[in-house]
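Below is one structure, written out as structure tokens; the observations come after it.
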Amino acid sequence: MSALSGHSGGMGIYSHLSTEKLIEMRDSLMQALMSRHTDPARVSGNGRDLTFKQDGTGELRKDLDAINAELGRRNGTPSRGPIYLMN
């Protein structure tokens, strides 16, 4: 589990941050996730090659989910759907 990932319950890891800070972090993580999908993985020039590590989006997604869960909790959105009992 990522160090930034938290619980979606009442006392999540992001509960101490302001809503503005959470939105800023969410935007930054979203930008990082998008750049992983759109930026080139390899660059070469002047006889040199540079390869960027493109994996690791799972951790970004976990962190985004945790931030979105905290923002949702603050807006009154349930963290989970209803529980249905079947006979």
Side-chain angles (χ1 to χ4, degrees):
M1 179 175 276
S2 169
L4 294 177
S5 297
H7 313 293
S8 58
M11 290 296 294
I13 193 165
Y14 294 115
S15 62
H16 68 286
L17 297 175
S18 69
T19 300
E20 293 80 21
K21 180 66 176 171
L22 287 174
I23 291 170
E24 180 183 316
M25 289 174 66
R26 181 189 63 192
D27 293 346
S28 176
L29 286 171
M30 208 44 202
Q31 185 74 29
L33 183 63
M34 293 306 294
S35 70
R36 296 266 175 115
H37 292 295
T38 59
D39 288 351
R42 185 176 196 157
V43 177
S44 63
N46 296 332
R48 302 173 103 182
D49 271 343
L50 181 61
T51 303
F52 296 101
K53 186 176 180 181
Q54 288 293 98
D55 57 355
T57 59
E59 292 299 314
L60 289 173
R61 290 176 191 273
K62 286 179 188 177
D63 295 337
L64 276 168
D65 288 345
I67 289 172
N68 284 329
E70 178 62 26
L71 288 170
R73 186 188 65 76
R74 292 179 186 191
N75 289 328
T77 305
S79 61
R80 293 195 166 95
I83 298 173
Y84 298 99
L85 299 176
M86 310 273 301
N87 288 337

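The figures that follow rest on heavy atoms only: side chains count, while hydrogens, waters and symmetry mates do not.
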Next item on the list: Measure the spacing between CE of Met25 and CD1 of Ile67 and express it to the nearest 0.5 Å.
Entry: 4.0 Å
Next item on the list: Could you grab the distance from atom CG of Asn75 to atom CZ of Arg73, nearest 0.5 Å is fine?
Entry: 10.0 Å
Check: Going from CZ on Arg26 to CD on Gln31, what distance comes out if it is rounded to the nearest 0.5 angstrom?
Finding: 13.0 Å
Next item on the list: First locate atom CG of Leu33, then atom OG of Ser28, and finally report the distance between them rounded to the nearest 0.5 Å.
Entry: 11.0 Å
Note to self: As a test of understanding, state which of Asn68, Leu22, Leu71 forms a side-chain contact (heavy atoms from CB on, under 4.5 Å) with Tyr14.
What the structure shows: Leu22
Item checked: Nearest-0.5 Å distance, CG of residue Leu29 to CG of residue Asp65 -> 10.5 Å
Note to self: Determine whether Leu17 and Glu70 satisfy the following criterion, side-chain contact (heavy atoms from CB on, under 4.5 Å), listing intermediate values before the conclusion.
What the structure shows: CA-CA 10 Å; Leu17 297 175; Glu70 178 62 26; over 6 Å; no
Note to self: Donor-acceptor check, side chain of Arg74 to backbone of Ser15, threshold 3.5 angstrom: yes or no?
What the structure shows: yes
